[in-house]
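What you see is a predicted model; the values in this text were computed from it and never measured. One is the number of the first residue; the rest follow in order along the sequence.
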Amino acid sequence: MKGFVKINSFLLGSLLLLLGCYDDKGSYNYHDINEINIELPATVNVRLSKEEAVPVSIEPKLSQTLEKEESHLSYRWEKEVKKSTGLKEWVECGQEKTCQLVFQPTDVESQTIRLIVTDHREDGSEWYKVTTVRPIVPYSRSWFVLQYTDGKCVLGAVDGEGSGGVVIPDAYKMDMKQDLPIGGTPKYLLTDWAFGSPEGSFINPQQPVIIIGTDQDVHLMNAVSFNQIYTYQAMLHVKVVNGDNNFSPDWLVTNTYQRLGEVLSDNGKLYMANDDGFSVYYPLQWESTSEESYKITKIAPILEYGFIFYDEQNHRFLRCKKYDEMMEGYRDNKMFRKYGYNNYFYPSKVVKKIGKIGENPKAENVFNPDNIGDDKIMINMNMIRSNVLATFFSTSDRKIHVYDFNGEGFNGETAICAGKYTFDLPGGMSVDEMRVTTCYVFGKTLFIAGGNKIYKVDFNRTVPRMTLLYEYENAAVKITGLKFKNEHYDLGYSADPNDWDSEWIWLGTPYRLGVSLDYGGNEGGILELKLTTTGEVERDSEVLEYKGFGKIVDFGYSVKL
């Protein structure tokens with residue numbers, strides 16, 4: 001009972017004390033703090049120039065809890081600088097409300113900037129905010145556009161993102177002060193964001209590249225500097241040393257970033273290079289001793305396995321395992337390519353990889369890959385992760401036939417030839433104008449275009465379903481190409497480079513569909529659509545249209561990682 005009385009006495013005393021403070025609070029001198037909120041973007045992007053300095057202005061937005069005007073405030077901008085000792089310090093770079101910076105063409109590193117606002121009122125405080133200024137190297141995020149103008153190949157670009165993208169009809173000539181040095185009629189443009197060795201600088205640093213192919217030559221260049229990496233003759237050095245100077249490229253495919261390597265066809269003969277980005281090609285031959293004639297017209301990579309070919313001569317599919325010589329091959333190619341040591345090049349070397357599709361003994365093929373019929377006209381072959389969809393038009397039934405290959409079937413318990421789908425050609429669409437692409441985020445789905453329309457065909461269901469995805473408002477404008485910014489993978493970055501725990505922002509490149517347009521009169525443009533996770537055009541999203549190009553042959557998107 002005594003304990004109970006003591007506790008209540010303590011509570012009563014505390015209550016009286018609180019009431020005393022409340023009653024007497026007017027006798028104390030309290031001051032509210034003038035809180036200052038500084039609004040700065042987490043990141044400020046600035047596009048560099050290759051030739052001259054670029055000024056940058058950073059102006060904060062301020063709000064105060066007790067004041068409206070700012071005469072009692074002073075500003076100090078500071079830049080984080082790394083000392084020779086490796087330590088970092090803050091160096092003053094401005095005392096005005098707006099920070100003025102200048103970026104030279106060589107200033108490619110991000111800069112961390114902070115603003116310190118001092119409140120000179122009585123009992124005022126200092127408030128600060130940090131931001132990062134990130135230089136954007138020219139052509140580090142761009143649509144590249146291959147055109148054929150006045151009998152010449154022209155490389156243009158949409159440099160930059162969204163509505164801020166700048167159309168440069170002849171980007172190569174503007175930067176290099178000369179025409180694109182490649183002859184012949186243009187056939188294709190490829191981009192590879194991570195061309196080189198996955199081991200990076202240990203073997204060969206990865207870099208974004210553009211590959212332009214004509215009926216006479218192949219031009220491989222860095223996608224930012226436009227510097228040529230290897231000539232076509234250097235890539236096919238094996239022909240030079242064997243005294244064969246008859247170069248006639250058919251097509252080329254690169255898939256170094258997924259460790260599959262590079263494959264090209266020259267005069268109908270196949271060659272393959274390791275996945276190290278040195279582009280040292282050797283002849284590709286049958287894995288068995290018996291050679292068979294073929295005419296390979298299309299090829300598609302199949303994840304972790306290699307490539308699927310279509311043999312137009314024999315109306316069949318062939319396969320090719322990836323070229324994986326690992327360290328020995330990397331070392332030899334590096335010594336040959338970097339230092340010119342010819343004793344590390346082997347003219348008699350061949351890569352025995354071509355073979356028939358065959359059948360998994362644990363799972364029966366859905367269709368016969370050795371003969372799909374001579375009534376099939378190839379439209380395109382596309383990779384979706386470990387699957388390849390091959391699209392044909394049949395002259396017999398006037399329908400579209402799609403053949404599905406599952407790469408996991410080569411080593412697992414599923415069928416290699418996993419499915420066959422058939423659907424009607426959309427009304428009014430010509431087979432000659434039909435364009436087809438895919439993207440891994442949508443599974444087994446084709447995006448096809450013809451005329452001024454784009455359709456989506458979904459095979460993720462028992463019966464294929466076709467829906468109209470997009471229709472260009474002018475029926476006279478023709479769609480000539482479809483490509484996603486990246487149909488194989490996505491990448492992202494931290495929303496706030498100064499905060500490791502900040503949100504991770506994905507670029508969403510697999511959801512951005514690029515469309516090349518022919519307006520007539522040798523005028524072309526690039527359209528960009530933003531798709532939802534279900535493969536529909538995102539409602540209320542801006543449809544970006546970039547005009548000002550000539551006749552477009554092909555296009556592709558590149559990012560400097």
Side-chain angles (χ1 to χ4, degrees), residues 143-146 187-193 211 251 253-255 258 297-303 307-308 310 377-385 387-393 400-405 421 423 425-426 429-460 464-472 478-490 508-518 526-538 543-544 552-558:
W143 285 109
F144 286 102
V145 184
L146 177 61
K187 298 168 63 176
Y188 59 83
L189 179 149
L190 305 174
T191 59
D192 188 340
W193 299 4
I211 302 172
W251 47 261
V253 62
T254 173
N255 204 291
Q258 290 173 323
T297 55
K298 288 290 183 179
I299 178 174
I302 189 162
L303 197 61
F307 299 89
I308 299 290
Y310 179 63
I377 300 175
M378 164 62 76
I379 298 175
N380 207 358
M381 291 177 66
N382 305 91
M383 181 183 83
I384 307 173
R385 290 296 190 189
N387 285 63
V388 165
L389 296 182
T391 307
F392 293 80
F393 174 74
I400 301 298
H401 294 250
V402 179
Y403 299 88
D404 179 11
F405 295 91
Y421 317 102
F423 62 93
L425 183 69
M429 185 181 294
S430 166
V431 175
D432 295 334
E433 66 182 7
M434 186 176 175
R435 300 293 182 265
V436 176
T437 192
T438 58
C439 185
Y440 77 96
V441 295
F442 306 112
K444 294 180 183 180
T445 301
L446 290 183
F447 296 86
I448 63 176
N452 66 327
K453 297 181 178 67
I454 303 174
Y455 294 88
K456 181 183 74 169
V457 187
D458 186 359
F459 302 115
N460 299 298
R465 180 184 178 187
M466 180 187 296
T467 56
L468 179 63
L469 182 72
Y470 176 81
E471 181 175 2
Y472 192 80
K478 304 300 181 184
I479 295 173
T480 60
L482 287 179
K483 285 189 179 182
F484 284 91
K485 281 188 171 181
N486 196 317
E487 69 273 25
H488 298 317
Y489 62 89
D490 198 3
T509 52
Y511 299 97
R512 308 282 180 158
L513 178 60
V515 184
S516 60
L517 302 174
D518 184 350
I526 296 294
L527 202 69
E528 184 180 316
L529 305 174
K530 183 180 181 182
L531 304 188
T532 65
T533 55
T534 59
E536 308 295 332
V537 177
E538 187 174 275
V543 176
L544 302 169
I552 297 176
V553 177
D554 202 356
F555 68 106
Y557 186 77
S558 180

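- In this structure, I384 CD1 and F459 CZ are separated by 9.0 Å, a value rounded to the nearest 0.5 Å.
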TODO: I would like to know whether V441 and T533 meet side chain to side chain contact (heavy atoms under 4.5 Å, CB included); could you show each step before the answer?
DONE: CA-CA 8 Å; V441 295; T533 55; over 6 Å; no

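- The shortest distance between side-chain heavy atoms of K530 and R512 falls below 4.5 Å.
- Rounded to the nearest 0.5 angstrom, K298 NZ and N382 CG are separated by 9.0 Å.
- Using a 30° and 60° split on the angle between ring planes, Y557 and W143 fall in the perpendicular class, above 60°.
- Listed for the R435 side chain is a donor-acceptor partner under 3.5 Å among the backbone atoms of T480.
- Of the possible donor and acceptor atoms, one in the side chain of N380 sits under 3.5 Å from a partner among the backbone N and O of V436.
- Annotation: side chain of Y440 is in contact with side chain of D490 (closest heavy-atom distance under 4.5 Å).
- A donor-acceptor pair shorter than 3.5 Å can be found between the side chains of N460 and T445.
- With rounding to the nearest 0.5 Å, the separation of CZ in F307 from CE in M381 is 11.0 Å.
- For E471, the salt bridge (Lys or Arg N to Asp or Glu O under 4.0 Å) partners are K453, not counting sequence neighbours.
- With hydrogens and angles disregarded, a donor-acceptor distance shorter than 3.5 Å links the side chain of E433 to the backbone of S430.
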Task: Stepwise side chain to side chain contact (heavy atoms under 4.5 Å, CB included) check, L446 with T438 - done: CA-CA 5 Å; L446 290 183; T438 58; 3.5 Å; yes

Open item on the list: Would I479 and S516 count as a side chain to side chain contact (heavy atoms under 4.5 Å, CB included) here? Give the steps.
Closed with: CA-CA 6 Å; I479 295 173; S516 60; 5.7 Å; no

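- For the pair L469 and E536, the minimum side-chain heavy-atom distance is below 4.5 Å.
- Rounding to the nearest 0.5 Å gives a distance of 10.0 Å between CD1 of I308 and CG of N387.
- Contact record, T191 with S558: CG2-CB, 4.3 Å, taken as the closest heavy-atom pair.
- Considering only heavy atoms from C-beta on, V431 comes within 4.5 Å of L425 through its side chain.
- Within the 4.5 Å cutoff, side-chain heavy atoms of F423 are placed close to those of M466.
- Every residue two or more places apart in sequence or in another chain was checked for a salt bridge (Lys or Arg N to Asp or Glu O under 4.0 Å) with K187, and none qualifies.
- One finds the CG atom of L513 at 5.5 Å from the CD1 atom of I454 (value rounded to the nearest 0.5 Å).
- Put simply, the side chain of D554 never gets that close to the backbone of Y188: no donor and acceptor are under 3.5 Å apart.
- Using a 4.5 Å cut-off on side-chain heavy atoms (C-beta onward), L482 and V515 make contact.
- Within the 4.5 Å cutoff, side-chain heavy atoms of L527 are placed close to those of V543.
- Residues D404 and K444 form a side-chain contact, since some pair of their non-hydrogen atoms from C-beta on lies under 4.5 Å apart.
- When the ring pair (Phe, Tyr, Trp, His ring centres under 6.0 Å) test is applied to Y511, the partners found at least two apart in sequence or on another chain are F442.
- To the nearest 0.5 Å, atom CG of residue N486 and atom NZ of residue K483 are 11.5 Å apart.
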